[in-house]
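All values reported here derive from a predicted model rather than from experimental measurement.
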Amino acid sequence: MTYRVCFVCTGNICRSPMAEAVFHARVADAGLDGLVEADSAGTGGWHEGEGADPRTVAVLADNGHDLDRTARRFQQSWFSRLDLVVALDAGHLRALRRLAPTEQDAAKVRLLQSYDPAADSGDLDVPDPYYGGVDGFEECLEMVEAASTGLLAAVREQVEGRAA
């Protein structure tokens, strides 16, 4: 049975597609293709149908990641098919937990930075780089990459637990 993860930010053009691309690469490197699927969405529909921000695409490409993503809005009905919903900041976390139809679904929502043991536990937000320059996108990528290691370990544990 496939383990499904969805990364969620505001408009699904910067942080969440970046996290999706990085996690896809980690899953492939770990040999978990076919066992783990990653996806992304936004809490709002402002950019639905658009591609990722060109700065996101450029920073990912400069770091060896591919991205082919069309922005879309997270839907409440998705909770039933997802195992983990990864929010990029506390605002997304709150919005997704309010949207969750059950307490079990709300418990599926976690902050990405909570998977990085080196992250500042007082501030687990991945800042939105949209209104800044490319340096904000590079910083975002560093945070996403750091947290993806711990996230992959947690997901691997869940996948192996299902197989046992």
Q) For Thr2 and Gly34, which heavy atoms make the closest approach, and how far apart are they? A) OG1-O, 3.6 Å
Q. So, do Val5 and Asp83 sit near enough that their side-chain heavy atoms are less than 4.5 Å apart?
A. no
Q: Not counting sequence neighbours, which residues clear side chain to side chain donor-acceptor pair (under 3.5 Å) with Thr70? List them please.
A: none
Q) To the nearest 0.5 Å, what is the distance between NE2 (His92) and CZ (Arg97)? A) 14.0 Å
(Q) Given 3.5 Å as the limit, does a donor-acceptor pair link the side chain of Asp53 with the main chain of Ile13, or not? (A) no
Q.
Once ring-ring contact (aromatic ring centres under 6.0 Å, His included) is applied, what residue pairs with a partner in residues 21-41 remain, sequence neighbours excluded?
A. Phe7-Phe23
Q) Taking only residues two or more places apart in sequence, or in another chain, which ones meet Arg69 in a side chain to side chain donor-acceptor pair (under 3.5 Å)? A) Glu20, Asp39, Ser40
Q) Any side-chain hydrogen bond (donor to acceptor under 3.5 Å, both in side chains) pairs touching residues 42-52, not counting sequence neighbours? A) His47-Glu50
Q) Just wondering, more than 12 heavy atoms not from Asp68 lying within 6.0 Å of its CG? A) no
Exercise answer: donor-acceptor pairs, residues 125-141 side-chain atoms, under 3.5 Å, sequence neighbours excluded:
residue : atom : partner : partner atom : Å
Asp125  : OD1  : Ala90   : N            : 2.7
Asp128  : OD1  : Tyr130  : N            : 3.0

Q | ring-ring contact (aromatic ring centres under 6.0 Å, His included): pairs with one or both residues in residues 95-126, sequence neighbours excluded | A | none
Q. Does CG in Asp123 sit with more than 12 non-hydrogen atoms of other residues, nucleotides or ligands closer than 6.0 Å?
A. yes
Q. So which heavy atom on Ala147 is nearest to which on Gln113, and how close?
A. CB-OE1, 3.6 Å
Q: Not counting sequence neighbours, which residues clear side chain to side chain contact (heavy atoms under 4.5 Å, CB included) with Ala61? List them please.
A: none
Q | side chain to side chain donor-acceptor pair (under 3.5 Å) partners for Asp116, two or more places apart | A | none
Q: Quick one: pull up CD in Glu157 and OH in Tyr3 and give me the separation to the nearest 0.5 Å.
A: 10.0 Å
Q: Taking all heavy atoms of Arg156 and all of Ala30, pick out the closest pair and write down the distance.
A: NH2-CB, 3.2 Å
Q: Taking all non-hydrogen atoms of both residues into account, name the closest pair between Ala19 and Leu112 and its distance.
A: CB-CD2, 4.4 Å
Q) Do any pairs count as a salt bridge (charged side-chain N to carboxylate O under 4.0 Å, His left out) and have a residue in residues 85-94, sequence neighbours left out, and if so which ones? A) Arg15-Asp89
Q: Working to the nearest 0.5 Å, report the span between CG of Leu35 and CD of Gln158.
A: 13.5 Å
Q.
For a quick test of reading the model, state the closest non-hydrogen atom pair linking Pro17 to Leu67 and the distance between them.
A. O-CD1, 3.7 Å
Q. From Leu32 CG over to Leu152 CG, what is the distance, rounded to the nearest 0.5 angstrom?
A. 6.0 Å
Q. For Asp105, which residues count as a side chain to side chain donor-acceptor pair (under 3.5 Å) partner, sequence neighbours excluded?
A. Thr102, Lys108
Q: Return yes when atom CD of Gln75 has more than 12 non-hydrogen atoms of other residues, nucleotides or ligands closer than 6.0 Å, and no otherwise.
A: yes
Q: Would you list the pairs meeting salt bridge (charged side-chain N to carboxylate O under 4.0 Å, His left out) in which at least one residue belongs to residues 4-13, sequence neighbours left out?
A: Arg4-Glu37
Q) How about Leu60 and Asp66: do any of their side-chain heavy atoms sit closer than 4.5 Å? A) no
Q) So Asn12 and Arg72, side-chain contact (heavy atoms from CB on, under 4.5 Å) or not? Walk me through it. A) CA-CA 7 Å; Asn12 193 214; Arg72 61 201 185 128; 4.1 Å; yes
Q. Of all heavy-atom pairs between His65 and Ala21, which one has the smallest distance, and what is that distance?
A. ND1-O, 4.1 Å
Q) By the rule that ILVMFWY residues connect when side-chain heavy atoms come within less than 4.5 angstrom, directly or transitively, which residues belong alongside Leu93? A) Val8, Phe74, Trp78, Phe79, Leu82, Val85, Leu96, Leu99, Val109, Leu111, Leu124
